[in-house]
Amino acid sequence: MSTTTSVTIDVIRQHKSIRKFTEQALSPEQRQAIMASAQAAPSSSFLQASAVIRISDPALREQVMALCGNQAYVGSAAEFWVFCADFHRHLQWVPDAKTGFAEQLLIGAIDTALMGQNALTAAESLGLGGVYIGAVRNQPHELCDLLRLPKGVIPLFGLCLGYPAQDPELKPRLPASLMFCENHYPAQFDAEQMQDYDQQVRHYYHTRTGGNKDMSWTGQIGETLAKEARPFMLDFLQQQGFCIR
Ligand SMILES: Cc1cc2nc3c(=O)[nH]c(=O)nc-3n(C[C@H](O)[C@H](O)[C@H](O)COP(=O)(O)O)c2cc1C
């Protein structure tokens, strides 16, 4: 019989975002192991179209936190890394490289996300915890100025890392049957399964918030998708030299 368990699978399946950390710092060796894991991620056309900025200066961290909707854990995590798509580096070595294509945004975003997830999984395998911070895209112009990101570089997400000071419940995911399909996209989804899942999510929020949050998954996506998020994004991308063709 083939094996279906491993330490790696256990770590991945136990993932939960951590938003409260102790004050303990990571050792340089831990940081290096996480960085090496991030860099081991596959890379589209081997372009390695990513840059990661570690925010170690406390005053700068405060400013970055303010730009990330003041999420406290951006300030309190032992580590905060900003993951960027980067096509600026290529132009250093190949000045006549053609950049600005929409496809390159996808390449940069995918490469960088793979690195981020490798970093988080590596950290979790060391007993650390973390949470991604999409809010680095809340005020992207200001963040670019602060971190001196040149044209060709855009912040995609941040990653808080540290020793967990909380142990939240696992957040229930969609039933696999609603996400994985075979050969063709399903013509229709099973409404009953979705209702069950809505109940699970409602129960999860109820428990996590001591009864203060009454929200289903369809309710949540309804709220999130009721309006355009970050309507300045296309202008920002184009100003940074992405998606101009
Ligand atoms: C790209 C990305 C950006 C995110 N941004 C934030 C954020 O700004 N603040 C936050 O508290 N959580 C953020 N999250 C965490 C999600 O809310 C979380 O992963 C999701 O609710 C599932 O919960 P879990 O990670 O505990 O399983 C982000 C996650 C991803 C993948």
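Please read all numbers here as calculations on a predicted model, not as lab measurements.
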Looking at [X] and [Y], what are the two nearest heavy atoms and their distance?
X      : Y      : answer
Ala109 : Ala85  : N-CB, 4.4 Å
Cys181 : Tyr185 : SG-CA, 4.2 Å
Leu170 : Gln14  : CD2-O, 3.5 Å
Gln104 : Gly100 : OE1-N, 2.9 Å
Tyr205 : Met215 : CD1-O, 3.5 Å
Val153 : Gln240 : O-NE2, 2.8 Å

Is any side-chain heavy atom of [X] closer than 4.5 Å to a side-chain heavy atom of [Y]?
X      : Y      : result
Leu149 : Ile53  : yes
Ser37  : Thr121 : no
Gln63  : Leu67  : no
Val136 : Cys68  : yes
Gln30  : Leu128 : yes
Glu169 : Arg208 : no
Asp190 : Ser177 : no
Phe87  : Arg89  : no

In Å and rounded to the nearest 0.5 Å, what is the [atom1] to [atom2] distance from [X] to [Y]?
X      : Y      : atom1 : atom2 : answer
Cys84  : Ile154 : SG    : CD1   : 8.5 Å
Trp81  : Arg31  : CH2   : CZ    : 7.5 Å
Ser44  : Leu106 : OG    : CG    : 9.5 Å
Phe242 : Lys151 : CZ    : NZ    : 11.0 Å
Leu143 : Arg148 : CG    : CZ    : 13.0 Å
Cys243 : Gln238 : SG    : CD    : 7.0 Å

State plainly whether one hydrophobic cluster holds both [X] and [Y], where clusters connect Ile, Leu, Val, Met, Phe, Trp and Tyr through side-chain heavy atoms under 4.5 angstrom apart.
X      : Y      : value
Val94  : Leu47  : no
Ile110 : Ile107 : no
Leu120 : Ile12  : no
Leu26  : Phe80  : no
Val52  : Leu114 : no

Keeping [X] on the side-chain end and [Y] on the backbone end, is there a donor-acceptor pair under 3.5 Å?
X      : Y      : value
Thr224 : Ile221 : no
Arg61  : Ser76  : no
Tyr197 : Pro172 : yes
Lys16  : Pro168 : yes
Arg137 : Leu156 : yes

Evaluation steps, side chain to side chain contact (heavy atoms under 4.5 Å, CB included), between Leu147 and Leu60: CA-CA 9 Å; Leu147 305 187; Leu60 185 61; 4.2 Å; yes
Under a plain distance cut-off of 3.5 Å, with no hydrogens placed, do His88 and Gln92 share a side-chain donor-acceptor pair?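 Yes, His88 and Gln92 have a side-chain donor paired with an acceptor closer than 3.5 Å.
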Side-chain donor-acceptor pair under 3.5 Å between Ser43 and Asp111, yes or no?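 Side chains of Ser43 and Asp111: pair found under 3.5 Å.
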Mind running side chain to side chain contact (heavy atoms under 4.5 Å, CB included) on Glu124 and His15 for me, showing each step along the way? CA-CA 8 Å; Glu124 289 173 341; His15 160 76; 2.7 Å; yes
I would like to know whether Tyr132 and Phe83 meet side chain to side chain contact (heavy atoms under 4.5 Å, CB included); could you show each step before the answer? CA-CA 10 Å; Tyr132 288 113; Phe83 284 75; 5.9 Å; no
Within a radius of less than 6.0 Å around CZ of Arg245, do more than 12 heavy atoms belonging to other residues, nucleotides or ligands occur?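 Yes, enclosed.
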How about NE2 on His141, more than 12 heavy atoms from neighbouring residues, nucleotides or ligands closer than 6.0 Å, or not? yes
Using the rule given for side chain to side chain contact (heavy atoms under 4.5 Å, CB included), can you reason through Ile34 versus Leu126, listing the C-alpha separation, both sets of side-chain angles and the distance that settles it, and then say yes or no? CA-CA 9 Å; Ile34 295 167; Leu126 298 174; 4.2 Å; yes
For the pair Glu79 and Arg54, evaluate salt bridge (charged side-chain N to carboxylate O under 4.0 Å, His left out) and give the outcome as yes or no after the intermediate values. CA-CA 7 Å; Glu79 296 286 324; Arg54 175 178 180 238; 2.6 Å; yes
